[in-house]
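One structure is given here, and the rest of the page talks about it.
This one's a predicted model, so the numbers in the text were calculated from it and none came from an experiment. Start at 1 and go down the list; that is how both ligands and their atoms are numbered.
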Amino acid sequence: MASPDQDVYMTLLTSDRYLPGALVVAHSLRDAGTTKKLAILVTTDTVSADAMAQLQTQFDFIIPVERFSSDNHTNLALMNRPDLHSTFTKINLWRQVQFRKIVYVDADMVALRAPDELFGLPDPFSAAPDIGWPDIFNTGLMVLTPNMGDYYALKAMADRGISFDGADQGLLNMHFKNTFNRLSFTYNVTPSAHYQYLPAFRHFQSSISMAHFIGQEKPWMEGRDAHMGSTPYDQMVGTWWAVYDRHYKESVGEPQGDPGHQTEDRQQSVDSSSQGASTIVHYHTKGEFQPIAPIVSQAYQPEQTDSEIFQPTAAAEQSLHETTDIPRDVEVAYVPPVQTNLETHHDPPSYYEPPKEPEVQYSAWDASRAPPPSDSKPEASNFPATHYDMSSDLTPFQAPERYPDPPKDMWYEVPKTPTYQKPAPIFPWEKDAAKPTRVFPEDNVATETFSSSDPTPNSVPSAEDARGSTPVTPTTPTIQLTTADPWQTYTRSNAWDEIPEIERYIGNLQKSRKGNIQLLQGYGSGIAQVSSPGGRRHSMKLTDFPTELERPSLPVTPAPIRRPSFWGEERDEEGELPAAEGVPSQEDWDPAAELEKLARRQSVVLANKLGMDGAPAREIPLRPLPYGSEGVTSPTYVAQVPPSSGAKDSASGSAPGSDSTPRTTIEEPSYHGPGAMWEKDETFPVKETPAGATEEEKDVLET
Ligand SMILES: O=c1ccn([C@@H]2O[C@H](COP(=O)(O)OP(=O)(O)O[C@H]3O[C@H](CO)[C@@H](O)[C@H](O)[C@H]3O)[C@@H](O)[C@H]2O)c(=O)[nH]1
Ligand SMILES: [Mn+2]
């Protein structure tokens with residue numbers, strides 16, 4: 001058995017014709033003292049059993065392999081080598097993974113010395129240059145490390161007929177194109193009868209390891225007398241014959257020696273074990289087969305092979321006589337085996353001229369003369385194609401230890417100089433504006449406490465007042481919080497209210513419109529000189545709202561009268577909501593009287609003001625009362641006559657001239673509609689909410 005670390009020399013036999021060559025290779029290596037084992041690839045369908053038996057005597061391993069054929073007959077015909085159709089079989093070398101290293105040797109080589117050092121090469125593939133085209137390597141000698149990767153690649157190419165010469169050399173040179181380790185020519189010297197570089201041969205002669213007889217003619221096919229000269233080629237051929245004769249030279253009558261015994265003299269007999277068996281070797285070696293022999297029909301009895309094959313059969317005998325010139329009366333000692341199972345030709349002995357067989361035509365199709373052959377392949381069928389298979393790897397995916405770093409400079413860089421620039425100040429107060437400060441509710445609480453004892457409790461103290469106020473008593477914080485009204489404590493002043501420029505500006509505006517202002521002064525809607533009841537300071541603040549006391553109180557709608565429910569019952573007391581504070585009860589509420597009161601108040605205030613200002617009293621135009629209120633009379637109410645005398649003409653329903661006569665009908669209120677708040681070109685009212693009734697007005701109302 002071969003072990004994975006074993007090294008072997010290996011050759012190939014695809015037909016019996018090369019049997020002498022394969023045996024000589026083995027012998028030459030052994031004779032040269034190799035320490036390596038010998039193996040041979042054999043295509044069993046085209047190699048006879050007796051040839052196999054011969055191989056068994058010399059090779060340590062006989063390996064049957066599948067035969068790969070090339071259909072590229074055109075290129076083989078170009079080389080005039082149609083016999084090389086099966087050399088694709090060589091790719092089986094790469095699947096012999098039971099060996100560590102293989103030194104492949106063609107069957108037409110002979111070893112002058114054993115190149116065992118080639119097994120020490122680290123390169124996976126080495127070969128020597130071809131003499132016909134030194135850029136490529138010759139496939140007669142190759143040092144290779146078998147592996148299935150190369151095998152499948154080569155097989156894929158072979159299946160598609162990819163080879164520039166139609167044989168293995170073209171295929172292998174395409175696959176190992178630029179990756180082969182180039183060996184010295186001395187490992188594969190291919191002498192030629194036509195071209196010899198004599199000085200080089202002489203110079204390197206002593207270092208030649210192997211000679212290779214390339215081409216159609218092989219030493220055993222030409223006979224021992226073909227090259228008897230002294231040229232390098234002749235010398236190489238002589239070397240081959242020396243090995244052959246050492247082992248296969250037929251020497252009749254020589255004593256049989258030890259099976260392993262080999263003689264140095266090429267004229268002496270071959271070793272006894274191969275004497276009988278070597279007949280098939282002789283048969284395939286020109287000039288070596290001895291057909292005429294004594295009647296020894298059973299002369300050859302092979303020990304290790306099927307004897308049936310070697311029995312001279314009547315049919316075989318007949319066949320031999322028919323195809324040769326051998327007279328019928330001559331006994332044939334050996335009849336070649338009838339290889340009916342083989343497609344390939346049966347090699348005839350070299351001593352006779354075989355009848356002319358119809359020559360195999362591999363001529364190329366001439367497109368200019370004929371249509372393509374009907375059995376030709378489709379166009380571009382030899383284009384290289386790559387086939388991918390699904391992965392059968394069952395190992396789970398392992399993430400790599402680290403992934404490549406992310407690309408840099410991918411962040412947004414904030415501009416160094418900010419694009420925002422403060423706009424240039426436009427207004428004077430923008431230049432020296434006070435830094436804004438925060439005011440917290442606590443500050444205002446303190447203000448509230450302070451202002452509770454103040455005579456003007458409703459005036460809104462400014463922030464300055466609050467800061468300058470007396471310190472808050474820390475013992476009554478809770479009281480302060482509960483009494484504080486956030487709406488009252490919240491400062492309603494603006495920063496610009498205190499700016500003198502603005503006050504001056506407003507003042508100037510008012511001066512130019514004095515007349516109008518004076519007219520309104522007394523009514524509380526003026527800007528300046530507003531006198532508040534509590535001594536309220538004159539302010540020009542735009543946001544100075546009137547206090548609660550300054551605002552007129554609005555008439556209050558009484559609570560509704562409760563009616564019995566559908567069931568005629570009064571609802572439970574407990575379900576009632578508490579009465580609103582300040583709302584008079586229904587019984588105390590006289591709508592007519594209240595309406596009268598309201599009307600009177602309006603008239604009195606209006607008359608008062610107008611009279612005070614000294615302006616001529618305007619007649620109040622009459623207006624109809626709202627629907628439903630016409631003709632309502634009150635038995636108790638007597639309308640007050642305005643102080644001005646103009647009422648005499650304007651009052652409706654009152655007797656003329658009777659000023660002192662109390663009226664019995666409610667005076668119709670005048671109504672102008674909303675009207676414009678202010679006219680065009682008029683100064684806008686700074687006080688949006690009119691000031692409440694003054695003390696004087698209140699006095700009038702209450703009387
Ligand atoms: O009928 C045959 C033909 C070939 N072979 C084997 O195939 C090899 C190659 O054939 P060969 O006659 O030696 O070819 P070469 O004349 O050497 O031709 C060259 O071209 C061939 C085809 O490319 C290559 O295989 C050779 O290595 C290369 O030297 C032989 O050595 C044998 O091992 C047989 O066994 N029987
Ligand atoms: Mn060869």
Side-chain angles (χ1 to χ4, degrees), residues 9-26 28 38-48 51-52 54-55 59 62-65 67-70 72-73 75-93 103-111 127-134 136-142 144 154 157-158 161-176 185 187-193 210-222 236 240 284 339 342-347 360:
Y9 286 103
M10 197 174 277
T11 187
L12 165 71
L13 189 65
T14 61
S15 72
D16 285 5
R17 285 173 68 226
Y18 278 63
L19 178 65
L23 290 168
V24 165
V25 166
S28 68
L38 307 179
I40 186 166
L41 303 178
V42 180
T43 52
T44 52
D45 61 337
T46 53
V47 173
S48 69
M52 300 260 282
Q54 282 297 304
L55 299 175
F59 288 92
I62 296 173
I63 302 162
V65 290
R67 188 161 57 97
F68 289 117
S69 300
S70 167
N72 197 336
H73 305 299
N75 278 335
L76 292 174
L78 270 177
M79 296 195 294
N80 200 24
R81 296 298 300 276
D83 58 312
L84 293 178
H85 57 83
S86 293
T87 54
F88 276 174
T89 308
K90 262 189 208 176
I91 65 173
N92 279 297
L93 290 166
V103 173
Y104 170 79
V105 180
D106 249 4
D108 57 346
M109 294 180 79
V110 64
D130 185 83
I131 198 171
W133 197 271
I136 66 166
F137 56 85
N138 182 277
T139 53
L141 182 132
M142 298 181 284
L144 61 110
L154 293 166
M157 291 171 75
I162 297 169
S163 166
F164 66 76
D165 65 357
D168 64 274
Q169 188 157 298
L171 170 85
L172 291 167
N173 268 279
M174 289 170 84
H175 178 67
F176 292 107
F185 188 66
Y187 287 108
N188 185 0
V189 178
T190 49
S192 166
M210 307 278 296
H212 183 188
F213 305 100
I214 59 168
Q216 215 165 4
E217 302 302 323
K218 309 297 181 189
W220 65 94
M221 294 178 187
E222 296 185 294
M236 297 282 179
W240 189 92
H284 290 291
Q339 300 171 337
L342 301 184
E343 298 171 10
T344 52
H345 55 275
H346 166 164
D347 299 307
V360 187

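Side-chain contact check for Asp130 versus Asn188: every heavy-atom pair is 4.5 Å or farther apart.
By the criterion of a heavy-atom distance under 4.0 Å, the side chain of Asn138, and not its backbone, is placed next to ligand 1. With a heavy-atom cut-off of 4.0 Å, Arg17 touches ligand 1 through its side chain alone. The side chain of Asp165, and not its backbone, has at least one atom closer than 4.0 Å to an atom of ligand 1 (non-hydrogen atoms only; side chain from C-beta on).
Just one of Thr14, Val65, Asp106, Leu41 meets the side chain to side chain contact (heavy atoms under 4.5 Å, CB included) condition when paired with Lys90; it is Asp106. For the side chain to side chain contact (heavy atoms under 4.5 Å, CB included) with Asp168, the lone residue among Thr87, Leu154, Asn173 that qualifies is Thr87.
Nearest heavy atom pair, residue Phe68 against residue Thr89, reads N-OG1, 3.1 Å. Considering all non-hydrogen atoms of both residues, Gly161 and Phe88 come closest at CA-CE1, 4.5 Å.
No donor-acceptor pair under 3.5 Å is formed between the side chain of Trp240 and the backbone N or O of Gly21. Side chain of Asp165 to main chain of Gly170: a donor-acceptor pair is present (N/O by atom type, distance under 3.5 Å, no hydrogens or angles).
Take the N/O/S atoms of Asp106: the one nearest the Mn ion (ligand 2) is OD2.
Angle NE2 (His212) to the Mn ion (ligand 2) to OD2 (Asp108): 90°, rounded to 10°.
Every atom of ligand 1 is numbered from 1 in the order shown, and the set under 4.0 Å from a heavy atom of Lys90 is 24 (C), 25 (O), 26 (C), 27 (O). Close contacts between ligand 1 and Asp168 involve ligand atoms 21 (C), 22 (C), 23 (O), 24 (C), 25 (O) [criterion: under 4.0 Å to a heavy atom]. The Gln169 neighbourhood of ligand 1 comprises atoms 23 (O), 28 (C), with distances under 4.0 Å to a heavy atom of that residue. Of all atoms in ligand 1, numbered sequentially from 1 with element shown, those under 4.0 Å from a heavy atom of Gly215 are 16 (O). Counting atoms of ligand 1 from 1 in the listed order, those under 4.0 Å from a heavy atom of Leu12 are 32 (C), 33 (O), 35 (O). With ligand atoms numbered from 1 in the order given, ligand 1 contributes 11 (P), 12 (O), 13 (O), 15 (P), 16 (O) to contacts under 4.0 Å with heavy atoms of Lys218. Atoms of ligand 1 lying under 4.0 Å from any heavy atom of Gly140, numbered from 1 in the order shown and given with element: 27 (O).
Taken to the nearest 0.5 Å, the CG atom of Leu141 stands 10.0 Å off from the OG1 atom of Thr139. The CG atom of Leu38 sits 11.0 Å away from atom CD1 of Ile62, with the distance rounded to the nearest 0.5 Å. Atom CE of Met174 is separated from atom CZ of Phe164 by 7.5 Å, given to the nearest 0.5 angstrom.
Closest heavy-atom approach to atom 29 (O) of ligand 1 among the candidates Glu217, His212, Met142, Gln216: His212. Distances from atom 9 (C) of ligand 1 to the heavy atoms of Val42, Leu41, Asp106 put Asp106 nearest. Around atom 13 (O) of ligand 1, the closest heavy atom drawn from Leu171, Asp108, Leu13 belongs to Asp108.
The shortest N or O to N or O distance between Ser15 and ligand 1 is below 3.5 Å. At a 3.5 angstrom cut-off on N or O pairs, Gly170 does not count as close to ligand 1. Of the N or O atoms in Ile214, none lie within a sub-3.5 Å distance of an N or O in ligand 1.
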For this session: Show your working on side chain to side chain contact (heavy atoms under 4.5 Å, CB included) between Tyr18 and Met221 and close with a plain yes or no.
Result: CA-CA 9 Å; Tyr18 278 63; Met221 294 178 187; 3.9 Å; yes
